[in-house]
Amino acid sequence: MFKWRTASLIYEDSTYGAGITPELVYILQGYNTRVTDSLALPIDATESYLDTLLYHLKENSTRVFIVHMLPDLAARVFHRASVANMMSDGYVWIATAGIGSAVDSLGPDRFHDMQGVVTFRPYVPATDRVMNFTVRFKERFLLENSGIRDVPNPSVPLLWAYDTAWSLAAAINKYSVSSSTPGTGRTLLGAVLNTTFDGLAGRFRLVNGQLQLSTYEVVNIIGKSARTVGFWTPESGIFKNLKATNEKGIKQILWPGDLAIAPSGWSMSSTGRPLRIAVPSRLGFNQLVEVSYSLRTNTSFVTGYCIDVFDALVKNLPYPVAYQYVPSTIYSSYEELLSLVFEKKADVMVGDTTISMSRMNKVAFTMPFTDTGLSMIVVLKKDSSGSMWIFLQPLTSTLWITSLAFFFLTGFVVWAIEHRINPEFHGTPWQQFGIIFYFAFSTLVFSHKEKLESNLSRFVVIVWVFVVLILTSSYTASLTSMLTVQRLQPTVTSVQDLLRNGDRVGYQNGSIVKYWLEEMGFHKKDLLGYVEVEEYAEALQRGSGNGGVSAIVDEVPYLKIFLSKYCEGYTMVGPTYKLGGFGFAIMTPAVQQEMAWIERKWFGDPGACESKSGGINSFRLSFSNFGGLFLITGMTSGLALLISLSIFVYQERDKLRAALSRTRSMSLQRLHTWLERLGSTEHTKSTINHQEADRRV
């Protein structure tokens, strides 16, 4: 409710105290709240022990404390916290129901030590029975304890005890349990478990031997009493009023120090020491981390991509954090800096620190904030291969096959519609096949000379010619690009090529990349280390045979920096081998929105290099680029063919019925009859004869 993201748990070291601890920690994690400390207190803890523990908590930044213990130990904890000035502004104390159930029986001194505490207790309606019992209880208590003047109200456990005794009496009376009857204990237990009634503390009902509670009060200890500020039920959660469970939230709480505004839950430690941020001093790749010194002021300045990301993270935290960067010496390795964090000589390390299993055994890493993976940079060379068959390259093999299939499909559909009514589509089977083939491919250059008689076939051809126009235009543009733009190809395409050829490979000095290359199978003599970006470019230009390397293998962020400076003539190839990436900070939505701007600031525009090297791989046209067009022409052809067949069946229904009546026995004969009528040109001959007669008249 108050968006506190960290809390410290203090519990009693007993079955009662430790019983719910794992479940409580798990549930809090589900609400994005982390338990930073989980401290168990012995029941007989001394004041000195409590003071030491509270001082430890006070040194930390978390100011939200969850207390789960029985009332006696809790009273001593709150007293020592009050002495340590931890019941003041900025602190939050939440006590579980074991403490809240007994607040009504606490004395004035204990109330004084618990000002501002928020706790819970089972809800007991203030009925006439409860009020009457309270009066009689106090009178009886004063009668038996004449020396005590201030009698507290009965606590909830006391009311439970009274109801339990009542249930025992009711069970004996209802089931006529007698002490002389064998098995009295078992009978009495069963009778109590089956007893239900309205007691002082509410409905008395036991399930699996446990009293069932449905409603809790959220109470705030103020002055000499506990004020109800809300309620909680499993069904409705927290709400202000029992009569309006849909009114979510809670009433005004007075926190420790009489603070009406909810504390932030976090503060600088009592020592006031800012976080010590260890930063590596490195040579090369200063876009990531760079440490510069001013001789005039004798101060250091830290800049770079990693620094900007960390600053953006801290800026978007819901609480202020004081920190200072502590640059290392230029000779300190990353492992030495991580050891500083492990030995608590530094609080955090910020920089281009790769997450690995060996490092995770020493320190805790956050989620990676960069691209994770290992890749390689190689030189591009002119590609002169395949010039003889370059005309096939603009289209992928799938698109070639699909185009051919649709050429034949269109020709077949036009023939199927026209051959019965158009004499230009007559002839022997081979002649008709030639017409299909010729007509289909003549549309490629729009040179088909056959006159079409049917509007259906004309519609099919119009759609197909439109598809052919777009396809040929795209093919021409892609082929022109291939013939005029210089085509470049990488000299090496995979790690396997490097291993097979025995080529030398470069890596960044001091990084864990050398270990991974050796794991891949490279010999130490074939691995050369470099520091500067310029050294990468020089080694790649020399090549493996002239004292250089055939490829540079490094993590993706470093390769991005290289390509931002040396865009032309190089490319990133091969699969990306997944690694841990850089880590130090927890990402938040606000930080993620700034990440793109920070990356452009230090790495440049990633699209700029791609635009300059657009001729590296000429764009090949695939089926997915024209899938919509093929779908349209396919549906058009199918629909036209279906309409044509329907018209044929309707016009020839009498002749088909007569022909089929002569072949009732065999299905194959019926099919042959259908095809024979479909392939018949009688209709065409009749049409020609009528046209000739008309001409003569």
Side-chain angles (χ1 to χ4, degrees), residues 6-28 33 35-60 62-88 91-122 141 145 148 150-162 164-165 201 209-211 213 216-221 226 256:
T6 59
S8 295
L9 174 62
I10 312 170
Y11 63 94
E12 181 180 295
D13 191 7
S14 65
T15 304
Y16 168 78
I20 72 165
T21 302
E23 185 74 10
L24 178 61
V25 173
Y26 175 77
I27 290 296
L28 288 175
T33 297
V35 175
T36 55
D37 284 288
S38 183
L39 306 175
L41 293 183
I43 298 176
D44 58 350
T46 63
E47 289 188 353
S48 175
Y49 184 91
L50 294 177
D51 290 343
T52 302
L53 178 138
L54 291 171
Y55 179 77
H56 166 74
L57 294 175
K58 192 174 182 180
E59 271 201 319
N60 295 336
T62 299
R63 290 294 180 262
V64 180
F65 304 106
I66 301 173
V67 182
H68 176 59
M69 56 190 64
L70 292 174
D72 288 339
L73 180 57
R76 290 192 285 137
V77 170
F78 285 121
H79 175 65
R80 298 315 301 173
S82 180
V83 173
N85 199 31
M86 295 177 67
M87 303 299 297
S88 57
Y91 287 89
V92 176
W93 292 88
I94 302 173
T96 57
I99 300 169
S101 301
V103 293
D104 288 328
S105 61
L106 297 177
D109 293 339
R110 294 185 173 183
F111 261 106
H112 179 268
D113 293 332
M114 296 177 63
Q115 294 298 299
V117 172
V118 176
T119 184
F120 307 84
R121 65 183 176 191
F141 191 89
N145 302 275
I148 300 178
D150 193 3
V151 181
N153 291 324
S155 63
V156 174
L158 191 147
L159 298 179
W160 288 343
Y162 184 88
T164 304
Q210 298 293 322
L211 187 64
L213 304 174
Y216 280 83
E217 287 182 277
V218 184
V219 296
N220 181 204
I221 298 178

Problem set entry | Pairwise distance CG(Leu53) to CG(Leu39) - rounded to 0.5 angstrom |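 Separation between the atoms: 5.0 Å.
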Problem set entry | Value rounded to 0.5 Å, distance of CD1 in Ile10 from CG in Leu54 |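 With rounding to 0.5 Å, CD1 (Ile10) is 6.5 Å from CG (Leu54).
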Exercise. Do NZ/NE/NH1/NH2 and the carboxylate oxygens of Asp113 and Arg76 come within less than 4.0 Å?
Worked result: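 Here Asp113 does not pair with Arg76 in a salt bridge, since their nearest N and O are not under 4.0 Å apart.
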For this session: Please report the C-alpha distance between Trp160 and Leu213 in whole Å, then the side-chain angles of each, then the deciding distance to 0.1 Å, and finally whether the side chain to side chain contact (heavy atoms under 4.5 Å, CB included) criterion is met.
Result: CA-CA 11 Å; Trp160 288 343; Leu213 304 174; 3.7 Å; yes
Problem set entry | From CA spacing to verdict: side chain to side chain contact (heavy atoms under 4.5 Å, CB included), Gln115, Met87 | CA-CA 7 Å; Gln115 294 298 299; Met87 303 299 297; over 6 Å; no
Problem set entry | Test item: His68 side-chain N/O and Tyr16 main-chain N/O as donor-acceptor pair under 3.5 Å |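 A pair under 3.5 Å: yes.
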Exercise. Checking Trp93 side chain against Pro256 main chain: does a donor-acceptor pair fall under 3.5 Å?
Worked result: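 No; zero donor-acceptor contacts below 3.5 Å.
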Problem set entry | Sequence-distant partners of Tyr49, ring pair (Phe, Tyr, Trp, His ring centres under 6.0 Å), two or more places apart |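 Expected list: none.
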Exercise. Mind checking whether Thr119 and Met114 have side chains closer than 4.5 Å, heavy atoms only?
Worked result: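 No. Closest side-chain heavy atoms not under 4.5 Å.
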For this session: Establish, from distance only, whether the side-chain atoms of Thr36 and Thr6 form a donor-acceptor pair under 3.5 Å.
Result: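 The criterion, which ignores hydrogens and geometry beyond distance, is not satisfied for Thr6 and Thr36.
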For this session: Could you tell me which residues satisfy side-chain contact (heavy atoms from CB on, under 4.5 Å) with Thr21, sequence neighbours excluded, listed by chain and number?
Result: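 side-chain contact (heavy atoms from CB on, under 4.5 Å) list for Thr21, sorted by chain: Leu9, Tyr11, Val25, Ser38.
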Problem set entry | Chi angles and distances behind the side chain to side chain contact (heavy atoms under 4.5 Å, CB included) call for His56, Asp37 | CA-CA 10 Å; His56 166 74; Asp37 284 288; 3.5 Å; yes
Exercise. Which class fits the ring pair Tyr91 and Phe65: parallel under 30°, tilted 30 to 60°, perpendicular over 60°?
Worked result: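 Rings of Tyr91 and Phe65: parallel, as their planes differ by under 30°.
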